[in-house]
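First up is the structure itself, then whatever we jot down about it.
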Amino acid sequence: MKHPGSRAGRKQRLQAGDKEAPSPTMSSSTVRTRFAPSPTGYLHVGGARTALFNWLYARHCGGAFVLRIEDTDRNRNIDDGIEVILQGMQWLGLEWDEGPEIGGDHGPYFQSQRQSFYDKHLEVLQSKDLVYTEENGAVRFKSPGKPVLVDDQVCGRVEFTRDEPDMTIRRPDGSYIFHFVNVIDDLEMGITHVIRGEDHLSNTPKHIELFEALGQTPPTYAHIPLILNPDGSKMSKRDLGASVSDYAEKAYLPDAVVNYLALLGWSPKDDRELLALSEIIERFDFPGINKSNASFDLIKLNWFNGQRLMGLDENAYWEHAVAAVQTSGMDVPEETLRKILPLMQTKVSIVSELPQKIAFLQGDHCDLDSNALKKLAKDDQSNAKLEALLQALEATASWDEAAIDAAIDSAAASLEQKKGKLMFPARVAASGQAGGPDLFIILVVLGKERVVVRFRELLAQLGA
RNA sequence: GACCCGUUCGUCCAGCGGUUAGGACUCCGCCCUUUCACGGCGGCAACACGGGUUCGAAUCCCGUACGGGUCGCCA
């Protein structure tokens, strides 16, 4: 598969100073960060969070965020793998200033197309006698073997002794190894700040050795904590919520996901959590990043989503909600949705919960929730209430909110009960559920006939 | 195994030598409310352990334990 975009238009989004950016001596102070995923066919939340932090830092500094695809033909590359990554990034709103589809002055942005850069720098190392070739043709880098200090923006100063075997940088078939291409690309692309997962901290000495062997100053490093499963295990592909595309499919709001992800390992240091993107950008910086791994909590993400949902204006919410109902294939008239959906804005945290919650609007009958039934059973007056309600409702000539209200009032009066005490049984009878939209609207929307049928069915079920 | 990083309520995040250890999610209770929610108020719940240093440690140092990571001709 040919990679699209790398030859695409050179959209220059950056201001002065950028043109010289390849100079690794960093004469320019423009911050340049990058996210460098492999096209594995899905965007992991951990990767998304890494991308987010890079993006945030670039935006915070007014620098550039580069997207580079590490597709050095591996078995891990799959068809459409790149598309999924790009879509995930776009969905989250992490727009890149240079990279696939938009190009830039430091391309190509696919490692598979950068062989000449690697060859060039290998020659430099060869000329300095810093590499050697084994019998089979593999090339190794001669480690100086001296201790290397990593001055990490998150982990602090970490010293490594260097007694590992010399790393291989090129295979016998001429292809290059990760550590080498990663360093060369960062160098050639003028990356000033490498923000990546903590799993790379131990690799960093190798990278620093390479930069120094090439006579270059290494970038600034910041190794961020990892995201783990709730049980503390490493989050992998199949784990719940591991893939960004899941969130898009379940109709989460990107803002909510971004807000949640930003707070996983980073803190603005006050007690606020619901933050606008602009606020996050403004406050994001290395001192706010903590060092310990975090575990992913879907429940809390849902809360963030619920908060964002409530913050949506009428129209935005409606479009979002109705789309979720439509994709579910429900058969409910729009007129009904117009009445019901707005009432659900504060009652769901994700719009994809909607279809299940309003399923009772479909058909003549409804499923009875077992918890609702249990609550009903606790009240020995449930039957009497339902019967009184049924009688009053049946006797109603017109069918609107006022009439229904009056009917419930009269039923309450006949039993000498407060109206509120009758509303729960009525709700269960009509919708089968303990919670939901406003009772009066439910009854209006359902229509008298279905309501009567459902009341009778519940009464029968209760063995009245 | 060697090396590296980490360890505050179940979870996320504050705290950076003196606090009744704070906020958020979850859960529970109360209030508001004709119902359901929203909202408000309150509650349960934590400094891994052992030594130091100090008048005084969640905060600094050293161990131990536990968790994670890296040691590839994967990225």
Side-chain angles (χ1 to χ4, degrees), chain A residues 36-40 47 69-72 74-77 111 134 136-140 150 152 154-156 158-165 167-182 196-206 223 225-228 230-234 260 263-274 287-288 290-304 306-307 310 343-349 357 405 408-409 412 418-428 430-431 433-443:
Chain A
S38 298
T40 53
I69 305 297
E70 306 216 327
D71 61 342
T72 6
R74 248 336 132 265
N75 328 338
R76 58 197 312 171
N77 294 4
Q111 280 189 338
E134 306 199 289
N136 68 2
V139 178
R140 285 182 189 264
V150 178
D152 193 88
V154 174
C155 302
V158 184
E159 193 175 71
F160 292 85
T161 54
R162 304 291 295 135
D163 46 16
E164 288 167 13
M167 66 175 138
T168 305
I169 59 174
R170 197 183 70 168
R171 302 185 187 87
D173 68 2
S175 62
Y176 291 91
I177 302 298
F178 164 73
H179 301 295
F180 186 70
V181 295
N182 192 266
R196 59 192 357 176
E198 197 217 68
D199 49 340
H200 284 295
L201 181 59
S202 298
N203 289 148
T204 306
K206 293 177 184 169
H223 287 91
L226 271 20
I227 298 178
L228 308 175
D231 69 359
S233 63
K234 191 174 179 180
Y260 174 69
L263 260 20
L264 227 43
W266 172 79
S267 164
K269 301 290 184 189
D270 56 23
D271 286 334
R272 297 186 54 219
E273 298 202 290
L274 248 13
N290 69 20
K291 308 185 218 305
S292 47
N293 294 343
S295 69
F296 191 84
D297 184 3
L298 200 58
I299 305 290
K300 186 148 186 181
L301 202 212
N302 289 346
W303 177 78
F304 272 98
Q307 293 295 309
M310 283 191 270
L343 302 175
M344 298 301 287
Q345 189 167 4
T346 58
K347 296 180 175 68
V348 291
S349 54
K357 296 231 175 192
D405 194 18
I408 295 179
D409 271 336
K418 289 175 75 176
K419 177 160 58 165
K421 298 292 182 191
L422 299 204
M423 291 181 82
F424 179 75
R427 173 182 291 284
V428 177
S431 73
Q433 299 182 340
D438 180 83
L439 178 62
F440 301 104
I441 306 294
I442 291 179
L443 296 178

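The structure displayed is predicted, hence computed values, not measured ones. All chains are named by letter (A, B, ...) in the order of the sequence lines, taking the proteins before the strands, and each is independently numbered beginning at 1.
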**Asked** B:C73 phosphate, OP1 or OP2: any side-chain N/O from A:Thr168 under 4.0 angstrom?
**Response** yes
**Message:** Do A:Ile169 and A:His179 make a side-chain contact, defined as non-hydrogen atoms from C-beta onward lying under 4.5 Å apart?
**Reply:** no
**Request:** Counting heavy atoms from C-beta on, name the nucleotide in B:C5, B:C73, B:A75 closest to the side chain of A:Asn203.
**Result:** B:A75
**Request:** On RNA chain B, check which nucleotide each of A:Glu159 and A:Lys206 is closest to and give me the residue with the more 5' one.
**Result:** A:Glu159
**Asked** Counting any heavy atom closer than 4.0 Å, what does A:Gly137 reach on the DNA or RNA strands: base, sugar-phosphate only, or nothing?
**Response** nothing
**Asked** Should A:Glu134 and A:Arg170 count as an ion pair when the cut-off is N to O under 4.0 Å?
**Response** no
**Request:** Would you classify A:Gly420 as touching base, sugar-phosphate or nothing, given that sugar-phosphate means primed atoms plus P, OP1 and OP2, and contacts are heavy atoms under 4.0 Å?
**Result:** sugar-phosphate
**Listed nucleotide nearest any side-chain atom of A:Lys300, set B:C36, B:U26, B:G23** = B:G23
**Asked** Closer than 4.0 Å, any side-chain N/O of A:Arg140 to the OP1 or OP2 of B:C73?
**Response** yes
**Prompt:** Are OP1 or OP2 of B:U35 and a side-chain N or O of A:Lys418 less than 4.0 angstrom apart?
**Reply:** no
**Request:** Using a heavy-atom cut-off of under 4.0 Å over every strand shown, decide if A:Glu164 touches base, sugar-phosphate, or nothing.
**Result:** sugar-phosphate
**Request:** For A:His223, answer base if it contacts any base atom (sugar-phosphate contacts may also be present), sugar-phosphate if it contacts only those atoms, and nothing otherwise; contact means non-hydrogen atoms under 4.0 Å.
**Result:** nothing
**Item:** Polar side-chain contact A:Asn302-B:C25 base: donor and acceptor under 3.5 Å
**Value:** no
**Request:** May I ask you to verify if any side-chain N or O of A:Arg171 is less than 4.0 angstrom from the OP1 or OP2 atom of B:C74?
**Result:** yes
**Request:** Could you pick out which residue, A:Asp438 or A:Asp271, lies toward the 5' side of RNA chain B when each is mapped onto its nearest nucleotide?
**Result:** A:Asp271
**Message:** Work out how far the P atom of B:C44 is from that of B:G23, and round it to whole angstrom.
**Reply:** 12 Å
**Asked** A:Asn293 near the nucleic acid: base, sugar-phosphate alone, or nothing, with a heavy-atom cut-off under 4.0 Å?
**Response** sugar-phosphate
**Request:** Tell which nucleotide pairs with B:G18, taking only Watson-Crick or G-U wobble pairs whose two distances are both under 3.5 angstrom.
**Result:** B:C55
**Asked** Contact class for A:Asn290 (heavy atom, under 4.0 Å): base, sugar-phosphate, or nothing?
**Response** sugar-phosphate
**Prompt:** At under 4.0 Å between heavy atoms, what does A:Phe440 touch on the DNA or RNA strands: base, sugar-phosphate, or nothing?
**Reply:** base
**Item:** Sugar-phosphate only, base, or nothing, as touched by A:Phe160 at under 4.0 Å among non-hydrogen atoms
**Value:** sugar-phosphate
**Message:** Contact between A:Arg162 and A:Pro205 at the side-chain level, heavy atoms closer than 4.5 Å - yes or no?
**Reply:** yes
**Request:** Taking only the side-chain nitrogens and oxygens of A:Ser295, find out if one of them lies under 4.0 Å from OP1 or OP2 of B:C12.
**Result:** yes
Can you pull every protein N or O that's under 3.5 Å from an N or O on nucleotides 7-9 of chain B?
none

**Message:** If I take atom CG in residue A:Asp405 and atom P in nucleotide B:U34, what distance separates them, rounded to the nearest angstrom?
**Reply:** 11 Å
**Item:** Whole-Å P distance, B:A24 and B:C38
**Value:** 15 Å
**Fill in**
Of B:A75, B:U34, B:A37, the nucleotide closest to the side chain of A:Thr346 is B:A37
**Prompt:** Base, sugar-phosphate, or nothing for A:Pro172, non-hydrogen atoms under 4.0 angstrom?
**Reply:** base
**Distance between C1' atoms of B:A58 and B:C9 (Å, rounded)** = 13 Å
